[in-house]
Amino acid sequence: MYNELDKAYTPRAIEPKWATAWVEGQLFKAKAEKADRGNWSLVIPPPNVTGSLHMGHMLEHTLIDIMVRWQRMQGKNVLWLPGTDHAGIATQMVVERELAREGKTRQAMGREAFVEAVWAWKRQSGDRIKEQMMRLGASCDWSRERFTLDAGLSRAVREVFVSLYEQGLIYRGRYIVNWCPRCQTAVSDLEVTHEAVAGKLYSVRYAIASEEGQFLTVATTRPETILADVAVAVNPRDERYQRLIGREVAVPLTQRRVKVIADEIAQPEFGTGAVKITPGHDANDFAAGKRHGLEQLIIIDERGQMTEAAGAYAGLDRFAARERVVEDLDRAGLLAGVAAHPMSVGQCQRCATVIEPRISNQWFVKIAPLAEKAIGVVEGGEIRFTPENNRRIYNEWMANIHDWCISRQLWWGHQIPAWYCDRCQEVIVAREAPKLCRCGGPVRQDADVLDTWFSSGLWPFSTLGWPEKTPELEAFYPTSLLITGFDILFFWVARMIMLGVHFMGEAPFREVYIHALVRDADKQKMSKTKGNVIDPLVVTEKYGTDAVRFTLAAMAAPGTDIALSEDRMQGYAAFANKIWNAARFIFLQLERAGIAPGAQARPETVVDRWIFSRLEAVATAMDQSLGEYRFHEAADLLYQFFWREFCDWYLELSKLAEPTGNLWAAFERALRLLHPVMPFVTEELWHQLYAGKAPAASIALAAFPAPGGKRDLEAEAEIGRLQEVVTALRKLRAEAKLAPKQTAGLRVAGSSGKLDWAMVEALARVSAIERVATIAANAPLRATAGGYELQLDWGEAFDAGAERERLRKEATVLTQGVANLRAKLESASFKSKAPQAVVAETERLLAERQRQLTQAQAALDGLTGSGSAG
RNA sequence: GGGCGAUUAGCUCAGUUGGUUAGAGCGUCUGCCUUACAAGCAGAAGGUCCACGGUUCGAGCCCGUGAUCGCCCA
């Protein structure tokens, strides 16, 4: 009936089979309707199609899959919607790099051919990602897989763009933006990372017009931009410079004169208190320039090189130009000083090139009205963050948000649905491409594409068919939960909330769980350059998917980064093996006893009553832990329960009696508890436990043991006593250095609750139990456990020295404990202020400690006596 | 510059509203191939909970200051 399992579990032989079966059987297909037990949905944070999945994805997908399987096992209609993100700039860069190896450039290929090449890459990467997710056992609905450039999603993008434009929330304008000279595109504020560098602060002399030999000294970190200066600003309240306001100064190295203006941008305490104003190349100066109606001079081009307007410096790279400018200033006697100046420099998130602020025509989202509503839904409790402090971080950012630059000078992405007529300068923003302009002139589409986060911001509803009114939207929006990483809280989570609330009238998810970062064993960030990357494929192959999943879950304490080590994975591979071997043993027992699959739990013996009570306890605790996203707690619960209780005690105790259907039922229940975290080994064993006649295609469709089940505290207490007594006796045996096969006698005094002494005999290897009235306090090999006085009857000599040492130590600890407790109780304020129950408990404790101390001392005396006698 | 988090056993980490002698895994030590598992079994050792101060009858937990490390934002 039951198979005899191999002695060791080999995940490689089991996991791929189920990974394929789950997908081919379409087991996890959600129904686009409201189900009786409720619907539960989650959209995947779509991985970028830049390559394959890393350990961070594996963590994310493991946590998602645990929640998804858990919810599904509760009978809900569950949707986990998978898919990928086109990841505009990131993917374009990867493909450009690939093409460069073949000596090709996108410029030489042309836009159409290049985009086709990226699609080819996308198909490859997308397949690999799907393959990896299948191998992980991700229980998603592959029939609903989406990609951000799919036709449907592209339609949603156009709809959103045009609507926002019509509502006045998208505008185009000439502003200063973050520009990457290497990628040659604008990027948003979020795509700029700030790096601390040891910069220099240059003090430069600007000759004051019509005051021969008088200078205004200005501090700058970017002397090369002097060539684009249009003013010098001083603080209006800075008394030092009052007389200069409105006067002119000469811009060094040029023939130009500019005005001294009064503006708050100049901080009296910074440098000399006077700053140069360069609207063409600095964001703050750009704003100041607007305030004062100043000209915008451009001297650096889109590649970061000096333009013709830079005169003698034309053609130089901006950093080379900086050196030359400094030299020339020095030579002209205009360099007043150079000081070390620690500062932070904006870099391109993708390629680390120093960002160059650049004035250009770009599209923007007017963000304030959207942000306001997005703050509202979080404040109003429509969305709950875990860990909770992310809510503050979110609010802080939302409150200080700037307009979002959404146009990118790239080829891979959603082309902006705007057309220009060169004849009448009309701008046409439309859902479908216009044939001609109203004036009859030809139109050309904006060449730029949208920021990749524009489309992912629509993900929770665009994937469900919006703007159509689909049954999917009806059934699954808003989604139940979002699990994602901290790094995209602003990029993605914030934008989804803004756009979801705006277009759907409802927040896109109820709960957000922010997971930690996966680091290596030394807590270093994993990176290809450091070579410390742990490849999911390699470790799943080595330890099994279940083991890696369990490791990730066990270490996923909310808010703490994960230091992933192979030691841990090895440990949990052993756990999978333990489950396997428990099954091996159980199958042998069931086979021998002829117990058929499908037995109901009918606990009668105390052992069975106990294990089913414990199973109820674990089910309740699991429900609570998973409900609060305490994955590590859930994993620990399962580990401790299954290994320390189910195997160490239940299976050992079951050896003492003929197996019954309860053994079958208890194991079956345990498998269901383990399933969300360890899907593969549980699936395999569940089917084997049913001897191939399982009531469902998968354990994933069986019910998760419900919380709140009735406990049998009497049975738990009795087995508790058994465990205490057996453990105490084993300890005594170890002290006496008894060989495992040697059976000792046992004297028992005192009375406590029920206890099956036959079990004690078997598990502690004792026999000839003798009931006595009392056991002398100074008797050797004596212990108190489970409410009984115990003494091991072992005639032969044992290591009295070691025992004496141990007792001395114990006595010291107890003496200290007794003193502490006594002091506490003697304090008048404790008795009057502490709750009654605490006082009573302390008193009880003191009595117990005192008794233990007396016993330890008596035992010590006895030992000394016998020591001197023998 | 602003903000956030961390500091607990040799290592990696738990520790929910303050209340028994602070836990786990790995590692270490001792003894065992006990008829599922040596990837195992039984037992043991190991901690001034970063420092100082405060609140409290009582602090690993709350408050303040400092140190060290890390992260985010500008």
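By convention in this document, chain letters (A, B, ...) are assigned in the order of the sequence lines, proteins followed by strands, and residues within each chain are numbered from 1.
Counting distance only, with no hydrogens placed and no angle test, the side-chain atoms of A/Lys578 and the base atoms of B/C37 include a donor-acceptor pair under 3.5 Å. Counting distance only, with no hydrogens placed and no angle test, the side-chain atoms of A/Glu633 and the base atoms of B/A24 include no donor-acceptor pair under 3.5 Å. The base of B/U16 is not paired with the side chain of A/Arg630 by any donor and acceptor separated by under 3.5 Å. Residue A/Lys655 places a side-chain atom within donor-acceptor reach of the base of B/A36, judged by atom type and a 3.5 Å distance cut-off alone.
Using the Watson-Crick or G-U wobble rule with both distances under 3.5 Å, B/G60 pairs with nothing in any strand shown. Shown here, B/C13 forms a base pair with B/G23; the pair counts as Watson-Crick or G-U wobble because both key distances fall under 3.5 Å. As the counterpart of B/U7, B/A67 is assigned, both hydrogen-bonding distances of the Watson-Crick or G-U wobble pattern falling under 3.5 Å. Nucleotide B/A44 forms a pair with B/U28, judged by Watson-Crick or G-U wobble geometry with both contacts under 3.5 Å. Across all strands shown, B/U34 remains unpaired; no Watson-Crick or G-U wobble contact has both distances below 3.5 Å.
With B/A42, B/C57, B/A24 as the candidates, the nucleotide lying closest to the side chain of A/Asp648 is B/A42. For A/Ala582, counting side-chain heavy atoms from C-beta on, the closest listed nucleotide (B/G3, B/A36, B/A39) is B/A36. Of the candidates B/U20, B/C4, B/C41, the closest approach to any side-chain atom of A/Arg392 belongs to B/C4. If you check B/G15, B/C26, B/A44 against the side chain of A/Asp567, the one that comes closest is B/C26. Taking the side chain of A/Arg849 as heavy atoms from C-beta on, and the options B/U34, B/A44, B/U21, the nearest nucleotide is B/U21. Looking at the side chain of A/Phe490, the nearest of the listed nucleotides B/G19, B/G5, B/C73 is B/C73. Candidate nucleotides B/G43, B/A24, B/A36 were compared by shortest atom distance to the side chain of A/Ala734, and B/G43 ranks first. If you check B/G43, B/C57, B/U34 against the side chain of A/Ala834, the one that comes closest is B/C57.
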Trace of the salt bridge (Lys or Arg N to Asp or Glu O under 4.0 Å) decision for A/Glu843 with A/Lys831: CA-CA 11 Å; A/Glu843 278 165 348; A/Lys831 280 210 161 167; 3.7 Å; yes

Pair A/Arg844-A/Glu841, salt bridge (Lys or Arg N to Asp or Glu O under 4.0 Å): steps then yes or no: CA-CA 5 Å; A/Arg844 190 194 65 77; A/Glu841 178 60 20; 3.0 Å; yes

Test log, rule side chain to side chain contact (heavy atoms under 4.5 Å, CB included), inputs A/Trp686 and A/Phe667: CA-CA 9 Å; A/Trp686 192 70; A/Phe667 186 53; over 6 Å; no

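Each of A/Ser344 and A/Phe585 was assigned the nucleotide of RNA chain B with the nearest heavy atom; the assignment lying further toward the 5' end belongs to A/Phe585. The residue among A/Lys824 and A/Arg592 whose nearest nucleotide of RNA chain B is located toward the 5' end is A/Lys824.
Following rounding to the nearest Å, A/Leu825 (CG) and B/G58 (P) show an atom-to-atom distance of 14 Å. Rounded to a whole Å, the CG atom of A/Leu763 is 11 Å from the P atom of B/G43. Whole-Å rounding puts the A/Lys833 NZ to B/G58 P distance at 8 Å. Summarising the geometry, the separation between CG on A/Leu656 and P on B/U34 is reported as 17 Å, rounded to the nearest angstrom. Separating the CE atom of A/Met569 from the P atom of B/G25 is a distance of 19 Å, rounded to the nearest angstrom. Look at CG on A/Leu588: it is 12 Å from C1' on B/C37, rounded to the nearest Å. Note: CZ (A/Phe667) to P (B/C37) measures 15 Å, nearest angstrom. Atoms CG (A/Leu590) and C1' (B/A36) sit 12 Å apart, rounded to a whole Å.
In this model, the phosphate group of B/A74 is approached by a side-chain N or O of A/His194 to a distance below 4.0 Å at OP1 or OP2. Contact annotation: A/Arg644 reaches the phosphate of B/G25 (side-chain N/O to OP1 or OP2, under 4.0 Å). In this structure, A/Trp643 reaches the B/C41 phosphate: one of its side-chain N or O atoms is under 4.0 Å from OP1 or OP2. Distances shown here put every side-chain N or O of A/Arg844 at or beyond 4.0 Å from the OP1 or OP2 atom of B/U20.
Atom name C1', nucleotides B/U17 and B/G64: the rounded distance is 23 Å, in whole Å. B/C49 and B/G23 are spaced 12 Å apart, taking the C1' atom of each and rounding to whole Å. Atom P of B/U8 sits at a distance of 16 Å from the matching atom of B/C52, rounded to the whole Å. Rounded to whole Å, the P atom of B/G10 lies 23 Å from the corresponding atom of B/U68. B/U16 and B/G53 are spaced 25 Å apart, taking the P atom of each and rounding to whole Å. Across the P atoms, B/U56 and B/G47 are found 33 Å apart, a figure rounded to whole Å. Between B/A67 and B/U55, the distance separating the two P atoms is 24 Å to the nearest Å. Comparing the same atom, P, in B/C69 and in B/U28 gives a spacing of 32 Å after rounding to whole Å.
Between the CD1 atom in A/Ile611 and the CG atom in A/Leu651 there is a gap of 8.0 Å [rounded to 0.5 Å].
In this pair, A/Phe575 and A/Tyr572 present their aromatic rings perpendicular. The plane angle is above 60°, beyond the 30 to 60° band. The aromatic rings of A/Phe631 and A/Tyr629 are tilted relative to each other, their planes meeting at an angle between 30° and 60°. Ring geometry for A/Phe587 against A/Tyr2 counts as parallel: the plane angle stays under 30°, on a 0 to 90° scale with 60° as the upper cut.
Between the A/Arg733 side chain and the A/Arg765 main chain, a donor and an acceptor come within less than 3.5 Å of each other. Side-chain N or O atoms of A/Arg391 include none that pairs as donor or acceptor with a backbone N or O of A/Phe385 at under 3.5 Å.
Heavy atoms of A/Glu4 sit nowhere under 4.0 angstrom from any nucleic acid atom. A/Tyr639 comes within 4.0 angstrom of the backbone, heavy atoms only, and of no base. Across all strands shown, A/Glu652 has heavy atoms under 4.0 Å from base atoms, whether or not it also approaches the sugar-phosphate. Within the 4.0 angstrom heavy-atom criterion, base atoms lie near A/Arg568. A/Asn577 comes within 4.0 angstrom of a base, heavy atoms only. Note on A/Glu396: nothing from the nucleic acid sits closer than 4.0 angstrom, heavy atoms only. No engagement by A/Asn400 is indicated, since no non-hydrogen atom pair under 4.0 Å with the nucleic acid exists.
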